[in-house]
Each structure stands twice: as structure tokens, then as C-alpha cells.
Amino acid sequence: MRIASFNINGIKARLPRLKEWLEETRPTVACLQEIKTQDEGFPADEFEEMGYKAIWHGQKSFNGVAILSDGTAPEEVRRGLGVDGPKEGEGEQSRYIEADVNGVRIVNLYLPNGNPQPGPKFDYKLEWMAALRERLQELLASEQPTVVVGDFNVIPRDNDVWSVKAMAGDALMQPESREAYTRILNDGWTDALGLLNPRGGVWTYWDYQAGAWQRDHGFRIDHLLLSPQTADRLVSAGVDREYRGREKASDHTPVWVEIRD
DNA sequence: ATGACCAGTCTAACTGGA
């Protein structure tokens, strides 16, 4: 099965591009982030017509995640990690959804950006990462085949960014962000794209500003994490880089991992 | 060398992104 992750930056603005990508690459499971719509605005019918069944966890204006599955409905297990947003009394943001598809546990997440740092948004990012680690430890203990995907908003290594200097002050590559990510990996998860690209230079995001795409000024923040049970079944993983160059593109491009059935 | 975007929202500047 092939599991893909795509931060689409608005499902309404991106719908034609999204359907095109689904038709052209036909992933078994497609995990979406930043759908930027409330639950009632999610275009489930559009995906049903293409043979995809979906679950989603929306929110007004920002954030929001969804899981699409080819043919079979994802069996939702959990939504949310129970971490309130950084503003007083705002409650929880829609950043986490978890489901079973064909015996594989799928975790789809949109990790907080954390800028500006230091500050409450950065504290929120680290708090969220600590809660994520706890949940992922439970999943490791269950020994169920599990794949964790999404926009982690963490640049893991210096060779995962076009310029260390330009990004040095960014929340995405602060030592605290990287350490929190490494702690999760060290519990037993395999970063599929990192493993297959040890020398780096593979980007999943290019800013809309400053001609970043044309200059190839990008970085790797969309990740595919495999539990030991799915790491043993790893066939390949990659980045659908070409979609970043199309009209009305998201600033992220899709990533995917294939595991043996 | 410098500046440069985009989506969503209480449709005009805001917030938020990374």
C-alpha cells in the first residue's frame, strides 16, 4: 500500500489540484493537512465520486486534517491530543486524526509552526510535541503496524534546508524542536525520507515569497515515520516535487511511502 | 543589490503561515 501526505494549504482553493494529484498518483491512503475549513465545508462528495472515502477534523479558517482511503472507509480511532492552543481560552486546534486502514494504523498530523520564537507559540509547539511523543509511545507498545505522516514543521538536519544561515532563527530548526523530534525517532520510529536520503538536499516545502521555488530555496518538513512493523515492509519513499511547480500550487508538495502488503 | 506570497475572513485590511 502507498500512503501519501500533502499539506494542501486550503481545500477550497486547492480542490482541482488535489483531485488531479489523486487521479494521477492514486495513493491507497492520502493524508491532508491545512484543509482550512469547518467540518460542514469539507467536499466529501467530490472524493466519493473518485472512489475515496474520507474522515476529517476541520476548523474555521486554519489548520484541519483529513484522511482519504481508496475504496474502504478509514476507521477513526482518535482525533486531537488534548493540547489547548496558545491563546487564552481558545481550546484545542484541529491538528491530529488517527485511523485504521486495512490493518495499518494511520496517524495524520499538522504540528504547530512555533514562530515567532521564543514565545507562547513556540512553547505550544514543544508542548504539542511532548503530547505527540506520549501518544506515539502507546502505539509502539501496541505493536500494531503504524505509519505517522504529516507536516511536522521540523527541519531535522542541517542538510534538510537550503540555507542553515537564513533559517537559523526559525522555530522549525531550533535545537529544542530538533531534540523533541529526535526523541520521538529514538523511541523506535524510522524517518523514511531521511533514511533514504542520508545526504539531504530533498525538500518538501518552498515559500511563496522571494522566488523560493525558482531558486530551489526549500526545506524538508513533511515526514513519514514508520513503526518497526512497517519499517520492515518499506519498499520506497519519495517526494512528488513536480506538483509544486503547477498553477495555483500549495507551498508544500506531496510525499509518499510504499510498504509491502 | 533589493524586493518579492497566499488563503481565509464580518470584502478591507487583518491574521496566520513557515
Side-chain angles (χ1 to χ4, degrees), chain A residues 5-19 32-43 56-66 83-96 109-126 128-129 150-158 160-178 180-181 193 202-223 239 241 243-255:
Chain A
S5 173
F6 191 2
N7 179 322
I8 55 172
N9 187 19
I11 200 160
K12 293 187 184 102
R14 210 71 56 216
L15 194 58
R17 280 294 95 87
L18 177 56
K19 290 173 70 175
L32 310 178
Q33 303 89 36
E34 284 204 87
I35 62 175
K36 292 186 172 181
T37 178
Q38 288 172 304
D39 283 342
E40 49 272 33
F42 187 83
W56 58 95
H57 181 23
Q59 179 181 344
K60 190 176 182 180
S61 305
F62 309 110
N63 308 319
V65 286
V83 181
D84 285 340
K87 284 183 189 162
E88 188 68 31
E90 79 164 295
E92 186 167 12
Q93 299 180 353
S94 300
R95 298 179 172 275
Y96 184 97
L109 62 89
Y110 174 46
L111 210 144
N113 172 296
N115 279 306
Q117 72 81 28
K121 289 188 174 181
F122 190 62
D123 296 341
Y124 168 56
K125 175 182 195 137
L126 298 179
W128 206 94
M129 292 185 82
D151 177 358
F152 282 69
N153 270 320
V154 175
I155 298 169
R157 314 170 297 202
D158 281 355
D160 292 315
V161 60
W162 66 279
S163 165
V164 169
K165 192 179 166 194
M167 293 293 289
D170 199 284
L172 276 54
M173 56 178 285
Q174 290 313 295
E176 296 93 328
S177 309
R178 286 182 167 179
Y181 183 74
L193 286 173
V202 173
W203 320 142
T204 67
Y205 170 91
W206 295 257
D207 202 298
Y208 286 124
Q209 298 185 68
W213 167 247
Q214 289 75 10
R215 297 170 176 216
D216 200 25
H217 290 178
F219 37 84
R220 185 172 73 93
I221 52 174
D222 299 274
H223 304 313
V239 178
R241 182 187 162 97
Y243 288 88
R244 180 60 182 83
R246 296 197 185 182
E247 288 296 312
K248 292 279 285 179
S250 171
D251 42 6
H252 294 251
T253 200
V255 298

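No experiment lies behind these values; they were computed from the predicted model shown. By convention in this document, chain letters (A, B, ...) are assigned in the order of the sequence lines, proteins followed by strands, and residues within each chain are numbered from 1.
- Rounded to whole Å, the C1' atom of B:dT11 lies 14 Å from the corresponding atom of B:dA7.
- The separation of B:dT15 from B:dC10, taken at their P atoms, amounts to 14 Å, rounded to a whole angstrom.
- By the salt bridge (charged side-chain N to carboxylate O under 4.0 Å, His left out) test, A:Arg220 pairs with A:Asp160, A:Asp191, sequence neighbours left out.
- Separating the CD atom of A:Gln214 from the P atom of B:dC5 is a distance of 11 Å, rounded to the nearest angstrom.
- Backbone-only engagement by A:Ala13 is indicated by non-hydrogen atom pairs under 4.0 Å involving sugar-phosphate atoms exclusively.
- Taking the C1' atoms as reference points, B:dC6 lies 12 Å from B:dA18, given to the whole Å.
- Only the C1' atoms considered, B:dA12 is 13 Å distant from B:dG8, to the nearest whole Å.
- A:Lys12 is linked by a side-chain hydrogen bond (donor to acceptor under 3.5 Å, both in side chains) to A:Thr37, counting only residues two or more places apart in sequence or in another chain.
- Residues satisfying the side-chain hydrogen bond (donor to acceptor under 3.5 Å, both in side chains) criterion with A:Lys60, sequence neighbours excluded, are absent altogether.
- Note on residues 112-125 of chain A: no pairs pass salt bridge (Lys or Arg N to Asp or Glu O under 4.0 Å), not counting sequence neighbours.
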What does nucleotides 10-18 of chain B look like as a protein-contact string, B for base, S for sugar-phosphate only, - for none, at under 4.0 angstrom between heavy atoms?
S----BSSB
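- Here the P atom of nucleotide B:dT2 and the CZ atom of A:Arg215 are 12 Å apart, to the nearest Å.
- Between the side chain of A:Arg14 and the base of B:dG8, no donor-acceptor pair of N or O atoms lies under 3.5 Å.
- Qualifying side-chain hydrogen bond (donor to acceptor under 3.5 Å, both in side chains) partners for A:Glu88, counting only residues two or more places apart in sequence or in other chains: none.
- The OH atom of A:Tyr208 sits 4.0 Å away from atom CG of A:Asp251, with the distance rounded to the nearest 0.5 Å.
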